[in-house]
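Below is one structure; the comments refer to it alone.
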Amino acid sequence: VVAIIAAALSFAEPVQAGTCQPVKAKGMAKDMATATIYAQADLKQTAKGIGGRVTQTSTNCVPGPSGYRCKISAVVCPN
């Protein structure tokens with residue numbers, strides 16, 4: 001199952017002027033909507049932490065034994 005949203009890394013370095021970097025984020029919950037919201041929150045925190053804004057994104061959610069696991073891949077560029 002694929003949804004569309006945004007992504008992040010919790011250990012990314014600050015974005016340098018003129019450079020963009022790929023980041024990933026993830027979220028897990030009993031339903032896909034909540035898992036996506038958790039992944040979006042992770043992405044938002046990561047982008048904020050590295051001083052950038054999210055541009056391109058893709059989200060992939062898959063069902064698992066304890067609920068849904070969503071992973072977001074995105075690109076964060078300087079503000």
Side-chain angles (χ1 to χ4, degrees):
V1 178
V2 177
I4 303 170
I5 314 287
L9 276 178
S10 29
F11 53 87
E13 297 177 14
V15 175
Q16 296 178 350
T19 64
C20 296
Q21 67 186 59
V23 295
K24 295 186 180 196
K26 58 185 172 181
M28 295 186 325
K30 291 190 178 200
D31 61 271
M32 189 185 323
T34 304
T36 302
I37 289 169
Y38 289 163
Q40 287 177 318
D42 184 24
L43 175 63
K44 183 178 177 180
Q45 279 298 112
T46 300
K48 183 179 177 181
I50 60 177
R53 62 181 162 77
V54 176
T55 58
Q56 306 166 358
T57 65
S58 67
T59 303
N60 182 17
C61 297
V62 295
S66 60
Y68 282 88
R69 180 173 300 177
C70 292
K71 293 181 182 179
I72 300 175
S73 297
V75 176
V76 174
C77 296
N79 284 329

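Sequential numbering from 1 along the given sequence is applied to the chain's residues.
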Looking only at heavy atoms, what is the nearest atom pair of [X] and [Y], with distance?
| X | Y | result |
| --- | --- | --- |
| A74 | V54 | CB-CG1, 3.9 Å |
| A35 | C70 | CB-SG, 3.6 Å |
| A39 | G27 | CB-N, 3.7 Å |
| D42 | K26 | OD2-N, 3.2 Å |

Interatomic spacing from CZ in R69 to CE in M32 - rounded to 0.5 Å: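 Rounded to the nearest 0.5 Å, the CZ-CE separation comes out at 14.5 Å.
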Side-chain (N60) to main-chain (K71) donor-acceptor, under 3.5 angstrom: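 No.
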Whether T55 side chain and V75 backbone form a donor-acceptor pair below 3.5 Å: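 Yes; at least one donor-acceptor contact below 3.5 Å.
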Verdict with reasoning, V76 to T46, per side-chain contact (heavy atoms from CB on, under 4.5 Å): CA-CA 9 Å; V76 174; T46 300; 5.8 Å; no
